[in-house]
Amino acid sequence: RGHGETHDAECDRPTQNGVHRLIPRAAPLEAPSGIVAVEVGAGNRIGDNNGMPSTMTAAPITCVSSPLSAIDTDLLVVPWFEDEGLSAVDGLDAASGGEIARALASKEFSGKTFELFATSLADGSWRARRLVLVGAGSSADYRSELARQLATAAGISVRTRRAERVGFVLRGRGEAAELAQAVAEG
């Protein structure tokens, strides 16, 4: 036996400082050949995680093709490229009450990759009430992998904004189906 190793006679298995143990069960755990079945959580508990769910459920994803103003969502995420002007997304600056123009002019937001800018949409004809622009860098470099990463970054940011329904606008070069898959994975 190595240093610090003890022997558990009840289970007939070596243990390391008594921390990780195989716990005997009335019925043996079944496992495919080559895999050792071990009961998880047999050691000392760390912290109070009793209230954590054992599984996560995924929210449904719906793809729509309509004007941005008609998308029924709590928050709209729009990738924004460094090399584009205010007219790149029709009506978006006007819907924000000029906040996008102000942020671009003051360099508060420039569209650099992963940069975020959040504002409300003041135009009552838009169904979404809030907007997050996520910097997408150069439009020439935009691919599905970057779309996936931007969706992840936006998703983390959106979580703190307590939005139940989020819309992510597909923009840039590439096949729509490939970009949609990448965004869904992000």
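- Distance check, rounded to the nearest 0.5 Å: CD of Gln149 to OG of Ser144 gives 10.0 Å.
- There is a path of hydrophobic side-chain contacts, each under 4.5 Å, that joins Leu92 to Val169.
- The same ILVMFWY cluster, assembled from side-chain heavy atoms under 4.5 Å apart, contains both Val183 and Val158.
- Contact annotation: the side chain of Ser110 never approaches that of Trp80 to less than 4.5 Å [non-hydrogen atoms, C-beta and beyond].
- Atoms OG1 and CG, from Thr119 and Leu133 in turn, are 8.5 Å apart once rounded to the nearest 0.5 Å.
- Heavy-atom minimum distance, Gly167 versus Thr73: N-OG1, 3.2 Å.
- Looking at Ser69 and Asp123, their side chains never come closer than 4.5 Å, going by heavy atoms from C-beta outward.
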Worksheet item: Passes side-chain contact (heavy atoms from CB on, under 4.5 Å), Ile100 versus Leu131? Steps please.
Response: CA-CA 10 Å; Ile100 297 171; Leu131 169 73; 3.8 Å; yes
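- Minimum heavy-atom separation, Ala101 to Asp93: N-OD1, 2.8 Å.
- In terms of modelled atom types and a separation under 3.5 Å, the side chain of Ser120 and the main chain of Ala122 share no donor-acceptor contact.
- In this structure the side chain of Phe109 never reaches within 4.5 angstrom of the side chain of Val134, judged on heavy atoms.
- Within a 6.0 Å sphere centred on CG of Asp83, heavy atoms belonging to other residues, nucleotides or ligands number more than 12.
- Within the 3.5 Å criterion, the main-chain N or O of Ala182 finds no donor-acceptor partner in the side chain of Glu185.
- Between Glu178 and Arg143 there is no salt bridge, since none of the side-chain N atoms of the basic residue sits less than 4.0 Å from a carboxylate O of the acidic one.
- Proximity of Phe114 to Leu146: side-chain heavy atoms (C-beta onward) are separated by under 4.5 Å at one or more points.
- Taking the side chain as every heavy atom from C-beta outward, Val78 and Val89 approach each other to under 4.5 Å.
- A donor-acceptor pair under 3.5 Å links the side-chain atoms of Arg129 to the main chain of Trp126, judged by distance alone.
- Ionic pairing of Glu84 and Arg171 is present here: one or more N-O contacts between side-chain nitrogen and carboxylate oxygen are shorter than 4.0 angstrom.
- Closest approach of Thr113 and Ala136 over heavy atoms only: OG1-C, 4.0 Å.
- When all heavy atoms are compared, the tightest approach of Ala154 to Phe168 is CB-CE1, 4.4 Å.
- In this structure, the side chains of Val132 and Phe117 stay at 4.5 Å or more apart for every pair of heavy atoms.
- For the side chain to side chain contact (heavy atoms under 4.5 Å, CB included) with Arg165, the lone residue among Ile71, Leu76, Leu75, Asp74 that qualifies is Asp74.
- The environment of CD in Glu145 is crowded: more than 12 heavy-atom neighbours from other residues, nucleotides or ligands sit within 6.0 Å.
- The shortest distance between side-chain heavy atoms of Tyr142 and Pro79 falls below 4.5 Å.
- Looking at heavy atoms from C-beta onward, Arg148 lies out of side-chain contact with Gln181 at the 4.5 angstrom threshold.
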